[in-house]
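Take a look at the structure set out below.
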2 protein chains.
Amino acid sequence: MASSVKKSAVTTRDAEATKGRILDAAEEEFAKGGLLGARTEAIAANIGVTKSMIFYHFGDKEGLYQAVLERAIALRIRSIQKIDIHSIEPKDAMRALVGAFIDDIVVNQNLPAIFFYEGIQNKGKYYGQIAIESIYRPFVEVIERGIKSGQFRKCDPLHVSVNIMGMCVFYFCHHENVKHLWPAGTDLLSKDMRAQHRSEAVEQVVASLLA
Amino acid sequence: MASSVKKSAVTTRDAEATKGRILDAAEEEFAKGGLLGARTEAIAANIGVTKSMIFYHFGDKEGLYQAVLERAIALRIRSIQKIDIHSIEPKDAMRALVGAFIDDIVVNQNLPAIFFYEGIQNKGKYYGQIAIESIYRPFVEVIERGIKSGQFRKCDPLHVSVNIMGMCVFYFCHHENVKHLWPAGTDLLSKDMRAQHRSEAVEQVVASLLA
DNA sequence: GTCTATAACCTGATAGAC
DNA sequence: GTCTATCAGGTTATAGAC
């Protein structure tokens, strides 16, 4: 979505296009500083428009933030709900869920930071119960089914689901901190390293569940 | 450390005491907004002193931030290095490491957010290679030993160590987001819930490693 | 729809009294 | 060592021209 924001100073006069470009740039800026730290000036400058456009199209900074969050939540819910978790055995269903979840992050690396900021700075105010349940329920259901069938070890499905998310996203949020563990110059977000993280995380999640 | 900052408007005239109180209050404020989002005014007001004290004792906001981070890093390194990971078998060493790690967070719940902010906002600038290696190396070594002895499954010790940290801290960073998964009114940071997270996380980490 | 100019406010940092 | 007063720069948001 916002992986490469196009810089253009051309006066487009296309409302929907401008709104979309603002959303992309805002997502990146909110991922860096959250609602509190984001600067409307920086968002506007990045796509070659003036601050006024933000207030014209989204009312205020908070309105823009809500729009960004809603889009991000919708994306997450959509791709997780695509997966048919009931017709395959728990182990494979979990593999599919975690894989799809990490694929989403790889496409849009702003997501983990945005949701972290939302929890810390805004106490989940703009997140909402329905969004959380839509995202976590598939994981919880697969774990419950796995325990019942004896394929998974006994555990608390809620805690374990939350920890699974942690395994998936921590790497993306802390890559600048932990980069020193790898040889100097290694780019933890390169295609190879991302693929390696995906593979290791999927295997570790499955292993953490098996009886 | 800063779990309960004492509010006191008494003019103490004790430099070390004041510095300590500023550090505690600053840690809490930096945990909420990072170096960028923290407000010196808020830090000062919380302990009943004026902003000037911050600049007198720490030079500038960045100096205060560095002092907070150094103290937090020292705490982490100290408690992890206390554990003798070589004289017990890998599974038990990992159990001890993860347990101690989460115990630190339970005592000072600001730590996970501070290190997250450091990675996202400052790109790990104030973290440093030595700190990261001191914290992660024990985990990596235990995993390597476990793989060699055949007790642990084959995996990449670096990626898996990073994911383990994610399992430990995600719960604390996202408790405001995921609280809706539990019955309304449940306090995810209550003593019982913290103990439950600790127990579930330790078991899940060990399970994620076993062959 | 988009821009320029500006209002109203906030924040880090300094100077100087006590 | 601590406080009060204040400045300079930055930030959200609005008004009005085009």
Side-chain angles (χ1 to χ4, degrees), chain A residues 5-69 117 121-122 125-126, chain B residues 5-69 117 121-122 125-126:
Chain A
V5 174
K6 278 159 212 155
K7 200 166 208 163
S8 139
V10 184
T11 302
T12 43
R13 279 213 171 255
D14 177 341
E16 282 312 307
T18 304
K19 278 182 80 169
R21 286 163 65 224
I22 291 175
L23 274 175
D24 288 345
E27 191 178 271
E28 235 163 62
E29 178 71 6
F30 284 129
K32 282 182 196 155
L35 174 58
L36 181 67
R39 299 290 169 242
T40 55
E41 171 64 40
I43 296 169
N46 251 321
I47 51 171
V49 298
T50 57
K51 278 185 297 185
S52 317
M53 284 297 90
I54 290 171
F55 300 102
Y56 175 76
H57 286 293
F58 296 94
D60 56 9
K61 191 181 166 183
E62 193 183 324
L64 174 60
Y65 178 73
Q66 269 184 276
V68 166
L69 213 70
Y117 275 118
Q121 287 186 350
N122 312 320
K125 184 179 164 191
Y126 305 95
Chain B
V5 173
K6 277 159 212 153
K7 201 167 209 162
S8 139
V10 183
T11 302
T12 43
R13 275 208 174 259
D14 177 341
E16 283 312 307
T18 304
K19 278 182 80 168
R21 285 164 65 224
I22 292 175
L23 273 176
D24 289 345
E27 191 178 270
E28 235 163 62
E29 178 72 5
F30 284 129
K32 282 181 195 153
L35 173 58
L36 181 69
R39 298 292 167 240
T40 55
E41 171 65 40
I43 296 169
N46 250 323
I47 52 171
V49 297
T50 56
K51 276 188 296 185
S52 318
M53 285 297 91
I54 289 172
F55 300 101
Y56 175 77
H57 286 292
F58 296 95
D60 57 10
K61 191 181 169 186
E62 192 184 325
L64 174 59
Y65 178 73
Q66 268 183 277
V68 167
L69 213 70
Y117 275 118
Q121 287 186 350
N122 312 321
K125 184 178 162 189
Y126 305 94

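The sequence lines fix the lettering, A, B, ..., with proteins before strands; numbering per chain opens at 1.
- For the pair B:T40 and B:F55, the minimum side-chain heavy-atom distance is below 4.5 Å.
- The end-to-end axis angle of the helix from C:dG1-D:dC18 to C:dC18-D:dG1, rounded to 10 degrees and based on five pairs per end, is 0°.
- Applying the ring pair (Phe, Tyr, Trp, His ring centres under 6.0 Å) criterion to B:Y126, with sequence neighbours excluded, gives B:Y65.
- Here A:T50 does not reach the OP1 or OP2 of C:dT4: none of its side-chain N or O atoms lies under 4.0 Å away.
- For B:A26, the side-chain contact (heavy atoms from CB on, under 4.5 Å) partners at least two apart in sequence or on another chain are B:F30, B:I43, B:L64, B:V68.
- By the side-chain contact (heavy atoms from CB on, under 4.5 Å) test, A:T50 pairs with A:S52, A:M53, sequence neighbours left out.
- Not counting sequence neighbours, the partners of B:K19 by the side-chain contact (heavy atoms from CB on, under 4.5 Å) test are B:E16, B:H57, B:F58.
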Next on the checklist: For a quick check, with a 4.0 angstrom heavy-atom cut-off, what is the B/S/- contact string for nucleotides 11-18 of chain D, read 5' to 3'?
Outcome noted: SBBB----

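- The two atoms that bring B:A44 and B:K51 nearest to each other are CB-N, 3.6 Å, heavy atoms only.
- Listed candidates were D:dC3, D:dT2, C:dC3. Nearest to the side chain of B:V49 is D:dC3.
- To the nearest 0.5 Å, atom CG of residue B:L36 and atom CG of residue B:N122 are 8.5 Å apart.
- Of the inter-residue distances, the one linking B:I54 atom CD1 with B:I47 atom CD1 reads 7.0 Å to the nearest 0.5 angstrom.
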